[in-house]
Amino acid sequence: MGRGAGSGGLTAAYEAARLGHKVTLFEKEEETGGQLRLARKVPFKDQYGTWVSWLTAQAKKMGVILRTGTEVTESIVSEGKPEVVILASGGEPIRPDIPGINLPLVCHAWQVLGGMVPREKCGCDWRWIGWHGDSRFPMPERSAGNLVEVLKRSPVLKITSHGYMLHTRLKETGCRLLFNTAVRR
């Protein structure tokens with residue numbers, strides 16, 4: 001039995017089934033993919049969606065039973081009497097201890113990509129999708145926005161091709177890069 005049908009859970013379920021185990025994989029969301037569901041929403045990152053579809057198909061081909069939209073409960077585990085339970089429930093976003101991080105204008109990329117917060121409502125921080133993903137993510141026209149970073153300099157070096165493109169794109173959109181910075185009221 002597995003809990004979590006992201007890339008780790010799908011791969012573990014596939015391998016267990018390949019080795020001859022009967023595997024039922026539970027996913028609380030309606031679709032497989034875990035955090036990759038969010039990553040694939042960034043423009044030009046749709047290959048993550050392709051990869052999830054392939055992993056899901058491979059697991060099913062190997063005989064894995066997928067149960068999406070189902071949270072694993074104590075009764076499911078006790079009724080199923082599994083040999084082993086594999087927990088692959090993914091991670092949670094890191095919320096660094098930065099003064100002002102909990103202010104309403106500060107949004108985390110997961111909130112934006114997951115549709116919990118419209119991009120237009122974020123005064124800063126959502127652009128770090130570009131920092132860690134792709135700087136071509138659509139940005140609202142009405143707001144130049146800020147990218148707040150506690151480090152003294154960019155973690156993405158301008159000398160790399162990705163870094164050059166990222167910094168150029170952020171500059172073109174009017175995004176202010178604020179290093180060694182904290183958010184305050």
Novice: Mind listing the closest non-hydrogen atom pair of Lys152 and Phe179 along with its distance?
Specialist: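 In this case the closest contact between Lys152 and Phe179 is O-CB, 3.5 Å.
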Novice: Does atom CD1 of Ile159 have more than 12 heavy-atom neighbours from other groups under 6.0 Å away?
Specialist: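 No, CD1 of Ile159 has 12 or fewer neighbouring heavy atoms, counting only those of other groups under 6.0 Å.
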Novice: So, taking the atom named CD in Glu79 and the one named OG1 in Thr73, what distance separates them when rounded to the nearest 0.5 Å?
Specialist: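 Spacing of CD (Glu79) from OG1 (Thr73) equals 7.5 Å.
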Novice: Using every non-hydrogen atom in the two residues, find where Glu27 and Ala5 come nearest and quote the distance to one decimal.
Specialist: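 Answer, listing the atom of Glu27 first, then Ala5: OE1-N, 2.7 Å.
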Novice: So which atom in Tyr14 and which in Val64 form the shortest heavy-atom distance, rounded to 0.1 Å?
Specialist: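 Result for this residue pair: N-CG2, 4.2 Å.
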Novice: Strictly distance-based, threshold 3.5 Å: is any side-chain N or O of Thr11 a donor or acceptor partner for the main-chain N or O of Gly8?
Specialist: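 The answer is no, because no donor-acceptor pair under 3.5 Å joins these two groups.
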Novice: Among Leu25, Leu55, Leu66, exactly one meets side-chain contact (heavy atoms from CB on, under 4.5 Å) together with Thr32. Which residue is that?
Specialist: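 Testing each of Leu25, Leu55, Leu66 against Thr32, the sole residue satisfying side-chain contact (heavy atoms from CB on, under 4.5 Å) is Leu66.
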Novice: Can you name the closest pair of heavy atoms from Gly33 and Val52 and give their distance?
Specialist: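 Between these two residues, the closest heavy atoms are CA-CG1, 3.5 Å.
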Novice: Is Glu29 reaching over with its side chain to a backbone N or O of Glu31, donor-acceptor style, under 3.5 angstrom?
Specialist: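 Looks like no, no N/O pair under 3.5 Å.
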Novice: Can you tell me if CD on Glu71 sees more than 12 non-hydrogen neighbours from other groups inside 6.0 Å?
Specialist: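 Check passes, neighbour count above 12.
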Novice: Hey, what do you get for NZ (Lys22) to CD1 (Ile65), rounding to the nearest 0.5 Å?
Specialist: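 Rounded to the nearest 0.5 Å, the NZ-CD1 separation comes out at 5.0 Å.
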Novice: Measuring from Met1:CE to Ile86:CD1, what's the distance to the nearest 0.5 Å?
Specialist: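 So the CE of Met1 and the CD1 of Ile86 are separated by 11.0 Å.
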Novice: Do Val72 and Val85 land in one hydrophobic cluster if side-chain heavy atoms of ILVMFWY residues count as linked below 4.5 Å?
Specialist: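 Linked within one cluster.
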Novice: Within this structure, what is the CH2-NZ distance for the pair Trp54 and Lys61, rounded to the nearest 0.5 Å?
Specialist: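 If I round to the nearest 0.5 Å, the distance is 8.5 Å.
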Novice: Flag yes if more than 12 heavy atoms outside Arg37 fall under 6.0 Å of its CZ atom; otherwise flag no.
Specialist: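 It does: Arg37 CZ has more than 12 such atoms within range.
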Novice: With rounding to the nearest 0.5 angstrom, report the OG to CD distance, Ser53 to Gln47.
Specialist: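 Here the rounded value is 12.5 Å.
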Novice: Trp51 and Ser7: which non-hydrogen atoms are nearest, and at how many Å?
Specialist: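 Smallest interatomic distance, heavy atoms only, reads CH2-CB, 3.7 Å.
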